[in-house]
Each structure stands twice: as structure tokens, then as C-alpha cells.
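Numbers here simply count residues along the sequence, with the first being 1.
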Amino acid sequence: MSIASVRAFFQQHAPEVEVIEHAQSTATVAMAAEALGVTPGQIAKTLALGLDDALLLLVMAGDARLDNQKFKAAFGTKPRMLPPEQTLALTGHPVGGVCPFGLAGPARICCDVSLQAHALVYPAAGSPNSAVCLAPTRLAELVQAQWVDVGKA
């Protein structure tokens, strides 16, 4: 169902975007980069975080790491990763396929500036073997994301 909700999202909002499916897993940055033939930095990983009893999806370059001090300065609290069961329940997507498209419920979505180093990025598409290809600005526009600087190389 998760990949179906992503397909429905793109059909409605950006029919030109194609969901790419692979026979092999793309659940980790390294696996996705290998399967797609791109650098790890071009993989747009989505972190599911709890923020004041709400869901925050943070999309950042695959080779960037979350900087706890920058995160606390930006959001006023320490980052708290959600467990896999809660991530699935809130997003509708399993870990390895979490993305900001076709969500099960409301979420605050932010894109880290690390994505802007790449002309094209590849976020997951709702399953551990799918992705889409977008310019970072298009990704942020489609999901009405706020740009933040909370990563480090």
C-alpha cells in the first residue's frame, strides 16, 4: 500500500515523476546508491523524528549526518528518532522506504541544505526497493518543505 500512496501522490501532483523499482533492496544509502548508480550524497534519506508530539520528516543528503547542536538550535530540542513501528504507523511507509510523499497523516517536512549540493537527488518512494529522481528544489516544492541547516558532512 505504501508505494501505491506514493504513486497516487505523484499522479496528482507531478505526473512526470516516475517511481523507479528495483529487484534488489534500496533500503540503505549504500544499497540505494549502488542500485541507482549514483553517489551516496545523491540519495535523499528521510529521517522520521518526534518533535513536540508531532512527526518531523527531515530529508537530507545520504552522505550528511545530523548535527545535534544545529538541530537543537533550529528546533529547540534534541533530535529523537522514532522507532520503526511508530514510523510506519505515522507515515504509512516502512523503514527503508520512508519518504515525504503519500503520507498516512500530517507531518512537518524539512529539507536540509545538504541536498542543494546535487542537481538531482533520489528519495525513497514508499518501499525498501523504490525511489524517485527529482531536483532538490522540486522535492521541497512538492511537499512544501522548509529549508534548514542541521547537517554536517
Side-chain angles (χ1 to χ4, degrees), residues 2-3 6 9-10 13-14 16-22 24-52 54-84 86-88 90-103 105-153:
S2 185
I3 195 169
V6 172
F9 174 89
F10 283 111
H13 300 285
E16 75 282 2
V17 175
E18 180 183 342
V19 174
I20 306 162
E21 288 189 84
H22 290 276
Q24 69 217 54
S25 176
T26 56
T28 67
V29 169
M31 292 170 149
E34 183 177 329
L36 294 162
V38 299
T39 66
Q42 288 178 275
I43 302 303
K45 63 185 175 186
T46 303
L47 306 177
L49 303 156
L51 187 63
D52 298 328
L55 173 63
L56 169 67
L57 294 180
L58 176 63
V59 187
M60 59 192 322
D63 60 355
R65 300 185 72 100
L66 188 58
D67 183 310
N68 290 335
Q69 290 180 327
K70 285 183 175 181
F71 186 93
K72 188 169 184 181
F75 296 103
T77 187
K78 290 182 182 181
R80 182 177 52 89
M81 295 291 292
L82 297 181
Q86 191 176 11
T87 298
L88 177 60
L90 292 174
T91 66
H93 307 315
V95 171
V98 176
C99 62
F101 319 110
L103 298 171
R108 179 175 178 186
I109 302 171
C110 293
C111 287
D112 184 69
V113 295
S114 60
L115 294 171
Q116 295 173 349
H118 308 282
L120 296 172
V121 294
Y122 296 80
S127 72
N129 67 327
S130 64
V132 294
C133 178
L134 299 165
T137 52
R138 180 75 168 133
L139 186 161
E141 173 189 293
L142 282 169
V143 297
Q144 300 176 346
Q146 170 190 358
W147 286 100
V148 294
D149 181 5
V150 295
K152 60 183 172 183

(message) Ignoring hydrogens, what is the shortest heavy-atom contact between Ala135 and Leu120? Give both atom names and the distance.
(response) N-CD2, 3.8 Å
(message) Quick check: closest heavy atoms across Leu139 and Pro100, and the distance to 0.1 Å?
(response) CD2-CG, 4.4 Å
(message) So, taking the atom named CG in Leu57 and the one named CG in Leu51, what distance separates them when rounded to the nearest 0.5 Å?
(response) 11.0 Å
(request) Going by the side chain to side chain contact (heavy atoms under 4.5 Å, CB included) test, name the single residue among Val38, Asp63, Thr28 that passes it with Ile43. (result) Val38
(message) Quick one, Phe9 and Val17 - any side-chain contact, counting heavy atoms below 4.5 Å?
(response) no
(request) Check whether more than 12 heavy atoms from other residues, nucleotides or ligands sit under 6.0 Å from atom CD of Glu18, and answer yes or no. (result) no
(request) Quick one: pull up CG in Asp112 and CZ in Phe71 and give me the separation to the nearest 0.5 Å. (result) 11.0 Å
(message) Apply side-chain contact (heavy atoms from CB on, under 4.5 Å) to residues Cys99 and Val6 and explain how you reach the verdict.
(response) CA-CA 9 Å; Cys99 62; Val6 172; 3.7 Å; yes
(message) Just verifying a value: how many Å separate Leu66 CG and Ser114 OG, rounded to the nearest 0.5 Å?
(response) 10.0 Å
(request) Mind listing the closest non-hydrogen atom pair of Pro128 and Pro94 along with its distance? (result) CD-CG, 4.0 Å
(request) Ignoring hydrogens and angles, tell me if any N or O in the side chain of Gln86 forms a donor-acceptor pair with the backbone of Pro83 under 3.5 Å. (result) no
(message) I need the Leu55 CG to Leu103 CG distance, nearest 0.5 Å.
(response) 7.5 Å
(message) Using side-chain heavy atoms (C-beta onward) and a distance below 4.5 Å, is Thr26 in contact with Ser130?
(response) no
(request) State, with a plain yes or no, whether a side-chain heavy atom of Phe101 is found less than 4.5 Å away from one of Ile109. (result) no
(message) Does Glu21 have more than 12 heavy atoms from other residues, nucleotides or ligands lying within 6.0 Å of its CD?
(response) yes
(message) Do Phe75 and Leu49 have side chains that approach each other closer than 4.5 Å (heavy atoms only, starting at C-beta)?
(response) no
(request) For Val121 and Pro136, work out which heavy atoms get closest and say how close. (result) CG1-CG, 3.9 Å
(message) Nearest 0.5 angstrom please: Arg80 CZ to Leu47 CG, how far?
(response) 13.5 Å
(message) Using only atom types and a distance under 3.5 Å, with no angle test, would you say the side chain of Lys78 pairs donor to acceptor with the backbone of Asn68?
(response) no
(request) Heavy atoms only: give me the nearest Gly151-Met60 pair and the separation to one decimal. (result) CA-CE, 3.7 Å
(message) To the closest 0.5 Å, what do you measure between CG (Leu56) and OG1 (Thr77)?
(response) 11.0 Å
(message) Treating His13 as the side-chain partner and Leu142 as the backbone partner, does any N or O pair qualify as donor plus acceptor under 3.5 Å?
(response) no
(message) Between Asn129 (side chain only) and His22 (backbone N and O only), is there a donor and an acceptor less than 3.5 Å apart?
(response) yes
(request) Kindly give the heavy-atom pair with the smallest separation between Val150 and Ala74, and that separation in Å. (result) CG1-CB, 3.9 Å
(request) Flag the pair Thr87 / Met81 as yes when at least one side-chain heavy-atom distance between them is below 4.5 Å, and no otherwise. (result) no
(message) Can a donor-acceptor pair be found, under 3.5 Å and without considering hydrogens, that links the side chain of Ser127 to the backbone of Ile3?
(response) no
